[in-house]
Amino acid sequence: MDSCCMPSHLQAPGGSCYSNGPIRAGILRSRKDVSPMAEALTPRSQDYAKWYNEVILRAELADYTPVKGCMVIRPYGYALWENIQAGLDRRFKATGHQNAYFPLFIPMSFLQKEAEHVQGFAPELAVVTHGGGKKLEEPLVVRPTSETVIGHLYAQWINSYRDLPLLINQWANVVRWEMRTRLFLRTTEFLWQEGHTAHATEQEAQEETLRMLEVYSDFATRDAAIPVIQGRKSEREKFAGAQTSYTIEAMMGDTKALQAATSHNLGQNFAKAFNIQYLDRQNELQYCWTTSWGLSTRMIGAIIMVHGDDRGLRLPPVLAPVQAIIVPIWKRPEERAQVLAAVEGLKALLGDRVRWQVDDREEYTAGWKFNEWELRGVPVRIEIGPKDVAREQVVLARRDRPGREGKSCVPQAQLVPSLKELLEDIQKNLYRQALEFREQHTQETDDYQEFKEVVAGGFTRAYWCGSPDCEQAIQAETKATNRCIPLEQPEQPAGHCIYCGQPAREQAIFARAY
RNA sequence: CGGGGAGUGGCGCAGGGGGAGCGCGCACGGUUUGGGACCGUGAGGUCGCGGGUUCAAAUCCCGCCUCCCCGACCA
């Protein structure tokens with residue numbers, strides 16, 4: 001680790017962002033593009049949307065580009081995405097899936113093979129009409145999702161029950177022409193993973209659909225520290241072409257809902273549209289049962305909105321590109337040498353046990369750096385100054401408890417175990433705070449008057465008869481949509497639809513949503 | 001696609017017929033560094049684009065483009 005050949009603030013020798021150890025992703029090289037006038041962020045209570053945009057731009061997660069709705073994911077934001085990918089990819093592999101890559105362009109006619117699918121996506125397709133200076137025989141759509149091309153290929157690859165199940169995932173970009181865009185939440189182009197599987201029986205497909213919903217739920221809970229509600233989408237809200245769609249819904253810091261991931265049981269809809277057939281043991285031709293499931297860069301928006309506070313981001317340690325930022329502090333030159341020597345000791349101690357970085361830029365004061373790394377959501381700050389050097393200790397400051405109360409002194413010899421413990425505690429605390437917030441803003445009711453009052457302030461759980469008309473009427477009157485029918489239902493469900501009063505057997509979650 | 005707001009130096013903004021300014025950032029020098037330090041000197045702009053009115057347009061008129069916010073549609 002030879003720091004003298006690098007710019008002083010780039011003291012990390014690199015290494016994969018997926019692994020622990022010193023990292024260099026997203027280091028601040030300068031303060032360009034950041035408004036110094038707005039040293040404090042717009043408080044969330046004052047203007048939540050403005051706060052959201054400011055956090056993203058100032059923390060350098062992303063930026064706008066010349067094309068409407070297209071954003072650039074900057075190194076710090078991309079490092080976060082890479083950690084999300086790593087957490088998911090590991091789970092996909094553990095459940096037997098393989099990665100592959102399917103093409104960006106899809107013949108227009110493919111989309112048209114599944115009636116509901118094309119109807120759902122037609123308004124938001126980007127279509128390529130020319131190539132190589134000539135008009136194309138058949139327009140190509142830029143994939144909005146890949147069920148159709150993948151269906152086409154599955155039909156060729158699958159012949160026998162012995163070829164099943166076929167379990168493939170792809171990491172890709174997709175394009176959906178959106179009227180209204182928002183950084184990470186709804187961009188014209190976005191990154192995601194889409195899993196596509198084919199099975200011999202309906203039951204296996206259903207098991208797969210719920211297995212992947214559980215994978216998403218586990219990722220959200222353990223890695224992103226976001227509590228989610230697993231549920232089934234209503235007919236109105238389901239994926240175009242699916243038999244049944246499932247979702248994990250999360251509550252953002254302004255009490256609105258966000259669909260964080262989806263998993264679809266596609267039934268035989270795409271199998272029939274694309275002739276995905278196999279010969280069973282009795283030598284009879286059968287249609288496959290397929291599924292698809294996806295999670296996108298929207299998850300980054302969820303992390304920002306679930307955990308962020310008025311100081312900026314608060315990243316869950318499991319996903320944070322930088323888990324600990326070391327800030328050396330000194331006054332006099334001889335102190336500088338001592339402190340920096342001690343920092344070398346800390347670096348050796350930490351090794352690749354956590355993802356750390358040293359901010360020894362001399363053009364900023366310690367206080368400035370404290371605020372800056374809090375804005376960027378780094379879970380733990382390690383302060384080391386002359387006093388700490390003398391006492392062979394460091395100060396650990398936790399992001400989830402800003403200011404003096406979140407600081408503690410630990411002996412340098414205890415740094416690694418203390419830090420690891422602290423990171424775990426922060427991870428748990430972020431989840432606990434998010435869960436508490438959601439519970440505080442969730443109500444159950446069977447009275448429509450009350451429903452109308454409370455639904456503006458969070459999640460409302462109510463019996464629903466299943467009629468799309470009731471859903472639509474509720475949306476028109478309250479701006480709240482049916483987020484999902486939670487998988488967890490009362491043991492002896494019995495009630496009346498919150499809107500029409502007809503007998504209802506299931507409860508749904510209603511909320512305003514992103 | 002409707003409603004609202006905005007395009008002036010890297011960022012945030014003021015200026016509304018006649019000299020393109022302020023704050024921050026940036027560069028250089030010096031003093032500083034335990035919760036967003038300070039002094040000095042400097043660099044940096046076809047005022048979103050295109051037309052028009054005028055002796056004269058950042059400023060007035062017409063058209064267009066882009067971005068943000070709020071709604072309808074969607075991961």
Side-chain angles (χ1 to χ4, degrees), chain A residues 29-41 47-50 52-54 57-58 63-71 120-125 144-145 174-194 216 233 236-240 245 247-249 258-264 292-299 301-302 311 327-333 335-336 339 359-375 381 383-389 394-395 397 402-404 406-407 409 475-476 479 481 512-514:
Chain A
R29 287 173 178 279
S30 73
R31 302 303 315 135
K32 268 186 205 164
D33 303 330
V34 172
S35 162
M37 286 300 282
E39 279 179 346
L41 289 163
D47 186 338
Y48 197 81
K50 194 172 180 191
Y52 178 78
N53 287 327
E54 280 180 8
L57 297 175
R58 289 182 55 184
D63 207 346
Y64 295 103
T65 67
V67 180
K68 176 178 165 66
C70 292
M71 63 180 226
F121 281 104
E124 45 191 296
L125 293 179
T145 179
V174 288
V175 167
R176 298 180 186 178
W177 215 260
E178 298 288 351
M179 292 296 181
R180 187 176 163 207
T181 57
R182 300 198 63 181
L183 293 170
F184 289 114
L185 298 178
R186 189 175 296 100
T187 47
T188 300
E189 178 189 12
F190 59 93
L191 305 184
W192 76 346
Q193 56 69 216
E194 46 180 324
Y216 288 142
K233 282 291 187 187
R236 253 170 74 89
E237 299 277 336
K238 77 169 190 192
F239 175 74
S245 288
T247 175
I248 53 172
E249 296 284 328
L258 183 79
Q259 175 175 309
T262 48
S263 185
H264 313 291
S292 67
W293 25 275
L295 180 150
S296 73
T297 38
R298 171 182 266 195
M299 176 57 80
R311 289 169 177 259
V327 179
I329 299 158
W330 64 79
K331 280 195 179 77
R332 297 189 298 278
E335 289 174 343
R336 176 181 185 277
V339 169
D359 185 356
D360 60 357
R361 291 175 297 176
E362 304 204 8
E363 62 270 33
Y364 296 104
T365 61
W368 195 94
K369 293 175 186 175
F370 294 174
N371 285 286
E372 186 61 18
W373 290 106
E374 282 170 5
L375 170 68
R381 178 176 64 247
E383 303 173 15
I384 178 160
K387 284 180 272 182
D388 304 304
V389 173
V394 295
V395 174
R404 195 165 290 276
K407 292 195 185 188
C409 299
Q475 183 175 0
K479 293 180 179 169
T481 51
R512 293 159 307 135
Y514 278 99

In plain terms, say whether A:Glu372 and A:Arg381 are close enough for a salt bridge, that is, a side-chain N and a carboxylate O under 4.0 Å apart.
no

Applying a 4.0 Å non-hydrogen cut-off, can you work out what A:Gly294 is touching in the nucleic acid: base, sugar-phosphate, or nothing?
nothing

So NZ of A:Lys369 and CG of A:Leu375: to nearest 0.5 Å the spacing works out to 16.0 Å

Whole-Å distance between B:C73 C1' and A:Phe121 CZ?
13 Å

Roughly how many Å apart are B:G16 and B:A58, using the C1' atom of each and rounding to a whole number?
9 Å

Using the P atom as the reference point in each nucleotide, state the distance between B:C13 and B:G5 in Å, no decimals.
16 Å

Please state how far atom CZ in A:Phe184 lies from atom P in B:C74, giving the value in whole angstrom units.
24 Å

About how many Å separate CD of A:Glu362 and CG of A:Asp360, when rounded to the nearest 0.5 Å?
7.0 Å

In this structure, OH of A:Tyr216 is separated from OG1 of A:Thr262 (nearest 0.5 Å) by 6.5 Å

Rounded to the nearest 0.5 angstrom, the CG-CZ distance for A:Leu191 and A:Phe184 is 9.5 Å

A:Arg404 CZ to B:G35 P, in whole Å, measures 8 Å

Rounded distance in Å - CZ (A:Arg298) to C1' (B:C74):
8 Å

RNA chain B nearest-nucleotide lookup for A:Glu383 and A:Lys479: closer to the 5′ end is A:Glu383

Is the shortest side-chain N/O distance from A:Gln193 to OP1 or OP2 of B:A75 below 4.0 Å?
no

Taking atom P of B:C68 as reference, at what distance in whole Å does atom CG of A:Asp63 sit?
11 Å

note: A:Glu372, atom CD; B:C24, atom C1'; distance rounded to Å ~ 14 Å

Under 3.5 Å, is there a donor-acceptor pair between the side chain of A:Tyr514 and the main chain of A:Arg186?
no

Nearest-Å distance once atom P is located in both B:C64 and B:C1:
12 Å

Separation between the P atoms of B:U8 and B:A14, rounded to whole Å
11 Å

Go nucleotide by nucleotide along RNA chain B from the 5' end; which of A:Lys407 and A:Arg236 gets its closest nucleotide reached first?
A:Lys407

Which value, in whole Å, describes the distance between the C1' atoms of nucleotides B:G21 and B:G45?
11 Å

Once you round to the nearest 0.5 Å, how far does CZ of A:Arg176 lie from OG1 of A:Thr187?
10.5 Å

Would you indicate what A:Pro402 reaches in the nucleic acid, counting non-hydrogen atoms under 4.0 angstrom: base, sugar-phosphate, or nothing?
nothing

What integer distance in Å separates A:Arg186:CZ from B:C68:P?
13 Å

Report yes or no: is the ring centroid of A:Phe370 under 5.5 Å from the six-membered base ring centroid of B:G36, with the two planes under 30 degrees?
no

Distance below 4.0 Å between A:Asn53 side-chain N/O and B:C69 OP1 or OP2
yes

Roughly how far, to the nearest 0.5 Å, is the CD atom of A:Gln259 from the CG atom of A:Leu295?
10.0 Å

Under 3.5 Å, N/O pairs linking protein and nucleotides 29-33 of chain B:
residue: B:U33; atom: O2'; partner: A:Trp330; partner atom: O; Å: 3.2
residue: B:U33; atom: O2; partner: A:Tyr364; partner atom: O; Å: 3.3
residue: B:U33; atom: O4; partner: A:Trp330; partner atom: NE1; Å: 3.2

Minimum-distance nucleotide to A:Asn371 side chain [options: B:A72, B:G36, B:A75]
B:G36

Whole-Å distance, A:Lys50 NZ to B:A6 P, equals 13 Å

Rounded distance in Å between the P positions of B:U41 and B:G25:
16 Å

Expected label for B:G16 (glycosidic angle, syn inside 90° of 0, else anti) would be syn

Contacts of type side chain to side chain donor-acceptor pair (under 3.5 Å), residue A:Glu237, not counting sequence neighbours
none

Closest approach to the side chain of A:Arg182, judged atom by atom: which nucleotide of B:G35, B:C69, B:A75 is it?
B:C69

Any chance the rings of A:Phe370 and A:Tyr364 have centres within less than 6.0 Å?
no

Taking B:A20 as the reference, what is the distance to B:G30 when you measure between their P atoms (whole Å, please)?
36 Å

Taking pairs as Watson-Crick (N1-N3 plus N6-O4 or O6-N4) or G-U wobble (N1-O2 and O6-N3), each distance under 3.5 Å, the stems of three or more consecutive pairs with RNA chain B are B:1-7 with B:65-71, B:10-13 with B:21-24, B:26-31 with B:37-42, B:48-52 with B:60-64

Closest to the A:Tyr64 side chain, choosing from B:G36, B:A75, B:C68
B:C68

Between B:G35 and A:Arg381, counting only base atoms on the nucleotide and side-chain atoms on the residue, is there a donor-acceptor pair under 3.5 Å?
yes

